[in-house]
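To start, the structure under review is shown below, and the notes come after it.
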Amino acid sequence: MQGKAERQGTADRRPASRGGEGGRETLRGSVGRDVRRAGLAVCLIVAGAAAVALAAVSLSMPGLWAATVLAAAAALVPVSLALLRLARRLDGAMRAADDSAAMCAETTALTVAADIAVLKRSEAVLSERIARLNAALDTLSLGFLLYDRDHRLLVVNRRYHEIYRLPSGAVTPGMSAREVLRRNVQAGSEAERSEAEQLAEIGALMGSGAAPAQIQHLPDGRVVAVEIQPIDGGGFVAIYEEATERWNAEARIAHMARHDAVTDLPNRVLLRERIEGAITQARRETGFAMLCLDLDNFKQVNDTLGHAVGDELLRAVAHRLRACVREVDTVARLGGDEFAIIQAGVTTPADAATLAQRILDVVSAPYALTHHSVIVGVSIGIALAPGDGLEAERLMQCADVALYRAKGDGRGVFRFFEAEMDARLQARRSLELDLRAAFEAEAFDLHYQPIYDLSAERICGFEALLRWTHPTRGRVSPAEFVPLAEEIGLIVPLGEWVLRRACREAAGWPEGLKVAVNVSAAQFTSSALIGTVKAALAESGLPARRLELEITESVLLVNGSATVAILHGLRNLGTRIAMDDFGTGYSSLSYLRSFPFDKMKVDQSFTRDLTVEQGSGFIVRAVVSLASSLGMTTTAEGVETPEQLAWLREEGCDEVQGYLFSPPVPACALPALLETWNGRTRRAA
């Protein structure tokens with residue numbers, strides 16, 4: 001019985017033992033699953049945090065929140081390692097329980113409970129770190145989205161909702177990229193396109209060949225810049241910046257680079273682009289016309305009424321030119337008072353002629369400006385493509401040559417480019433190159449024409465005249481190369497050379513002889529002229545009283561008040577100032593009142609007709625009388641006959657010069673002239 005009881009006791013204990021083992025197996029399985037789940041969750045969190053950190057570094061994000069992201073990621077690393085070690089420890093503990101059947105269930109349960117407590121504390125620390133990371137992302141001024149390799153959203157910040165005007169929580173982790181876009185479409189934050197088109201765009205955006213930078217124009221006028229960067233291991237980061245102000249500023253800068261500041265018309269840069277586009281189209285379809293325009297008398301308006309009035313006039317002209325053309329045509333301002341027009345779809349010259357005549361009529365009508373009423377004309381040169389060429393530079397040159405012809409034909413007309421004009425263009429260009437080379441080599445020379453004093457009956461001085469002998473063309477007329485020097489901006493340095501050379505040579509003449517030097521209007525554009533004259537006198541040692549500066553009336557049209565101030569400055573140096581060619585330009589007695597000239601010169605065109613019936617004698621008589629009344633000396637140019645000389649002497653003219661005495665001669669011939677007219681056996685005039 002005792003044995004039976006023992007066996008029964010043993011049998012009674014076995015189920016209990018199996019129940020204990022089953023409990024341990026159940027506990028081990030439950031704990032194992034918990035550990036594995038915890039380990040997996042931690043691994044995913046660590047991977048996500050690492051991805052965020054990598055994205056922050058790859059996108060060169062602002063230092064503060066990028067540092068926060070990196071710090072959070074770094075802090076998660078030891079937590080994850082601890083949990084992994086814990087998982088291995090628990091797994092080892094379970095294996096030890098299997099191998100050691102004698103271990104009591106109570107001890108195992110206590111150990112597992114302690115490990116679970118450690119796990120919960122680690123999870124709490126991890127949650128706190130993640131909360132800090134989310135807080136850092138929410139303070140970012142840029143919208144931030146992080147997607148995994150399946151294009152599922154992992155992280156989104158508050159700024160993204162603000163940029164697209166989405167309610168809080170509208171976009172949450174777990175959404176696909178298409179679902180995020182669909183939320184934007186439903187909220188009306190995307191451009192006005194169909195949802196299908198925008199969904200297709202997001203697919204292309206996530207493609208391997210997509211551009212890393214995108215610009216979105218929202219319906220409310222705002223501009224959003226989007227940066228897309230892939231992440232190692234799959235997925236990508238999208239950064240969103242509201243860039244409306246920057247975009248508008250860049251657009252304004254781009255507009256200013258291609259448009260004129262005064263008229264807002266296209267400038268030379270944009271005109272060149274439009275010409276290239278028209279040339280491309282002309283090769284496939286119809287041709288076009290290139291019109292170059294130049295306003296007549298604009299300089300006079302600008303100089304007399306001021307630059308503000310000039311700018312207002314330019315804007316008014318631009319407005320009229322726009323009204324003359326179609327939307328497919330282009331009106332541009334080249335600078336100053338020069339404009340250009342591209343007329344598209346021109347099949348015959350008559351099409352361009354019709355437009356040119358309309359422009360002449362419209363632009364030439366009177367202008368009622370804010371404080372002034374003015375009238376200007378316009379001259380037009382026309383080149384036709386493809387007939388005159390299919391290169392932008394060639395067409396501009398042809399139209400410019402035709403414009404030059406229009407101005408030479410009296411202004412206020414239009415002219416087409418002709419083949420013969422090209423020959424003149426090439427000759428002009430060749431002469432320009434030669435003129436520049438001659439200036440660099442100082443290949444010019446000065447000739448002098450004597451000025452004869454009628455009261456003293458002797459030569460009192462010489463006028464310096466510029467001469468140029470071309471190595472192959474021979475003597476080039478000053479009437480040909482001086483205007484060209486003015487056009488290409490060479491007249492100022494050339495005038496300075498003449499002044500220095502004349503003063504240096506005159507310093508070796510007999511005492512009392514003066515030298516007269518012509519000064520161009522271009523030299524009066526700045527007060528530097530005073531310093532130039534002062535330096536020429538100092539270098540040569542010529543007394544200032546022996547230098548006579550001759551200016552034309554056109555000089556006084558260029559910034560009158562400043563010009564008068566320069567004239568007074570020259571007078572203070574001790575030089576004499578003469579008005580040349582009086583009566584041939586914009587003569588006005590107000591000039592004589594604003595500045596007291598020392599001399600008034602009668603142009604040779606008046607002297608030539610002195611002895612002709614109904615000639616210019618009464619004009620010369622009036623000029624001589626006026627000069628005498630104002631205390632000025634009078635010099636008559638172009639005296640060629642004894643009859644002219646006698647008439648001038650009778651009317652009281654002070655000085656004369658002309659071929660009757662001598663043509664202009666080189667400096668080496670002056671001693672002989674002085675011996676003839678001023679010597680003991682001088683010739684009687």
Original post:
Could you state the interatomic distance from CG (Leu573) to CD1 (Ile530), rounded to the nearest 0.5 Å?
Top reply: 7.0 Å
**OP:** Taking only Lys NZ, Arg NE, NH1 and NH2, and the carboxylate oxygens of Asp or Glu, determine whether Arg473 and Asp434 approach each other closer than 4.0 Å.
**Re:** no
Original post:
Would you say Arg411's side chain and Ser379's backbone share a donor-acceptor pair under 3.5 angstrom?
Top reply: no
Original post:
Any donor and acceptor pair, going by atom type alone, linking the side chain of Arg333 with main-chain N or O of Gly336 inside 3.5 Å?
Top reply: yes
Original post:
If you measure from CG on Leu484 to CG on Leu490, what distance do you get to the nearest 0.5 Å?
Top reply: 8.5 Å
Original post:
Distance-only, no hydrogens or angles: does the His259 side chain make a donor-acceptor pair with backbone N or O of His255 under 3.5 Å?
Top reply: yes
Subject >> Positive for side chain to side chain contact (heavy atoms under 4.5 Å, CB included) with Thr330, one of Gln343, Glu273, Arg274 >> reply: Arg274
Original post:
Any donor-acceptor pair under 3.5 Å linking the side chain of Ser616 with the backbone of Ile619?
Top reply: no
Original post:
Can Asp445 and Thr469 be said to form a side-chain contact (heavy atoms from CB on, under 4.5 Å), step by step?
Top reply: CA-CA 8 Å; Asp445 197 7; Thr469 302; over 6 Å; no
Subject >> Matching residue for Val639 among Val602, Leu610, Thr607 - test: side chain to side chain contact (heavy atoms under 4.5 Å, CB included) >> reply: Thr607
Original post:
NE2 of His307: more than 12 outside heavy atoms within 6.0 angstrom?
Top reply: no
**OP:** Return yes if some donor-acceptor pair links the side-chain N/O of Arg358 with the main-chain N/O of Cys324 below 3.5 Å, else return no.
**Re:** yes
Subject >> Working for side-chain hydrogen bond (donor to acceptor under 3.5 Å, both in side chains), residues Gln657 and Glu637 >> reply: CA-CA 5 Å; Gln657 65 182 94; Glu637 298 178 309; 4.6 Å; no
Subject >> Where Val378 and Ser364 come nearest, the two heavy atoms and their spacing >> reply: N-OG, 4.3 Å
Original post:
When you look at Asp311 and Arg315, which way does the salt bridge (charged side-chain N to carboxylate O under 4.0 Å, His left out) test go after all the steps?
Top reply: CA-CA 6 Å; Asp311 289 347; Arg315 287 189 288 269; 5.1 Å; no
Original post:
Do Asp294 and Phe339 have side chains that get closer than 4.5 Å, going by heavy atoms?
Top reply: no
Subject >> Student check: side-chain heavy atoms of Ile551 and Phe524 closer than 4.5 Å >> reply: yes
Subject >> Spatial distance of atom CG (Leu499) from atom CG (Asn518) [nearest 0.5 Å] >> reply: 11.0 Å
Original post:
Backbone N or O of Ala257 within a donor-acceptor pair of the Asn267 side chain at under 3.5 Å?
Top reply: yes
**OP:** Taking all heavy atoms of Ala392 and all of Glu276, pick out the closest pair and write down the distance.
**Re:** CB-OE2, 3.7 Å
Original post:
Would you call Arg415 and Asp409 a salt bridge, using N to O less than 4.0 angstrom?
Top reply: yes
Original post:
Is the charged tip of Arg320 near the ring of Tyr367: under 6.0 Å from the six-membered ring centre and within 45° of its axis?
Top reply: yes
Original post:
Is it true that Glu548 and Lys601 have a side-chain N and a carboxylate O under 4.0 angstrom from each other?
Top reply: no
Subject >> Ring centres under 6.0 angstrom apart (Phe661, Tyr659) >> reply: no
Original post:
If you look at every heavy atom in Leu465 and Pro664, which pair is closest and at what distance?
Top reply: CD1-CG, 3.5 Å
Original post:
For atom NE2 of His470, is the number of surrounding heavy atoms from other residues, nucleotides or ligands below 6.0 Å larger than 12?
Top reply: yes
Original post:
Checking Asp351 side chain against Thr347 main chain: does a donor-acceptor pair fall under 3.5 Å?
Top reply: yes
**OP:** Count the heavy atoms of every other residue, nucleotide or ligand shown that sit under 6.0 Å from CZ of Arg258, and state whether that count exceeds 12.
**Re:** no
Original post:
Looking only at atom types and distance, does a side-chain atom of Asp260 sit under 3.5 Å from a main-chain N or O of Thr263, one as donor and one as acceptor?
Top reply: yes
Subject >> Interatomic spacing from CG in Leu403 to SG in Cys398 - rounded to 0.5 Å >> reply: 13.0 Å
**OP:** Determine, step by step, whether Leu334 and Leu293 satisfy the side-chain contact (heavy atoms from CB on, under 4.5 Å) criterion, reporting the C-alpha distance in whole Å, the side-chain angles of both residues, the deciding distance to 0.1 Å, and the verdict.
**Re:** CA-CA 9 Å; Leu334 303 181; Leu293 297 77; over 6 Å; no
**OP:** Before accepting this row, confirm whether a basic side-chain N of the pair Glu655/Lys599 lies closer than 4.0 Å to the acidic partner's carboxylate O.
**Re:** yes
Original post:
Does Asp329 reach the main-chain N or O of Ala344 with its side chain, forming a donor-acceptor pair under 3.5 Å?
Top reply: yes
**OP:** Carefully, step by step, assess Arg467 and Arg475 under the rule side-chain contact (heavy atoms from CB on, under 4.5 Å).
**Re:** CA-CA 8 Å; Arg467 293 294 183 263; Arg475 178 68 59 83; 4.0 Å; yes
**OP:** Using a 4.5 Å cut-off on heavy atoms from C-beta on, say whether the side chain of Ile577 contacts that of Thr575.
**Re:** yes
**OP:** Would you please test Leu670 and Glu505 for side-chain contact (heavy atoms from CB on, under 4.5 Å) and show each step?
**Re:** CA-CA 11 Å; Leu670 297 187; Glu505 292 185 343; over 6 Å; no
Original post:
Parallel, tilted or perpendicular for Phe416 and Phe414, by the 30°/60° rule?
Top reply: perpendicular
**OP:** For the residue pair Tyr448 and Phe462, categorise the inter-ring angle as parallel (less than 30°), tilted (30 to 60°) or perpendicular (more than 60°).
**Re:** perpendicular
Original post:
Given Leu648, which of Thr635, Val624, Val656, Thr634 fulfils the side chain to side chain contact (heavy atoms under 4.5 Å, CB included) condition?
Top reply: Val656
Original post:
Would Glu440 and Arg436 satisfy salt bridge (charged side-chain N to carboxylate O under 4.0 Å, His left out), going step by step from the backbone distance to the final call?
Top reply: CA-CA 6 Å; Glu440 293 296 331; Arg436 292 185 184 277; over 6 Å; no
Subject >> Euclidean distance, Leu291 CG relative to Ile380 CD1, rounded to 0.5 Å >> reply: 6.0 Å
**OP:** Apply salt bridge (charged side-chain N to carboxylate O under 4.0 Å, His left out) to the pair Arg428 and Glu487, showing each step before the final yes or no.
**Re:** CA-CA 11 Å; Arg428 181 184 182 278; Glu487 291 181 22; 2.3 Å; yes
**OP:** Mind running salt bridge (charged side-chain N to carboxylate O under 4.0 Å, His left out) on Arg501 and Glu442 for me, showing each step along the way?
**Re:** CA-CA 11 Å; Arg501 178 75 172 269; Glu442 295 189 5; 6.0 Å; no
Subject >> Test side chain to side chain contact (heavy atoms under 4.5 Å, CB included) applied to Leu446 and Leu466, Val517, Val515, the passing residue >> reply: Leu466
**OP:** Would you give the length of the straight line joining atom OG1 of Thr532 to atom CH2 of Trp497, rounded to the nearest 0.5 angstrom?
**Re:** 15.5 Å
Original post:
With a cut-off of 6.0 Å (strictly less than), are more than 12 heavy atoms of other residues, nucleotides or ligands near CD of Glu285?
Top reply: yes
**OP:** Check Arg394 against Asp388 and note the closest heavy-atom contact, atom names and distance.
**Re:** NE-O, 3.3 Å
Original post:
How close do Trp468 and Ala443 get, heavy atom to heavy atom, and via which atoms?
Top reply: CD1-O, 3.9 Å
Original post:
Short question: side chain of Gln644, backbone of Glu640 - any donor-acceptor pair under 3.5 Å?
Top reply: yes
Original post:
Between Ile382 and Ala289, what is the shortest heavy-atom contact and its length?
Top reply: CG2-CB, 4.4 Å
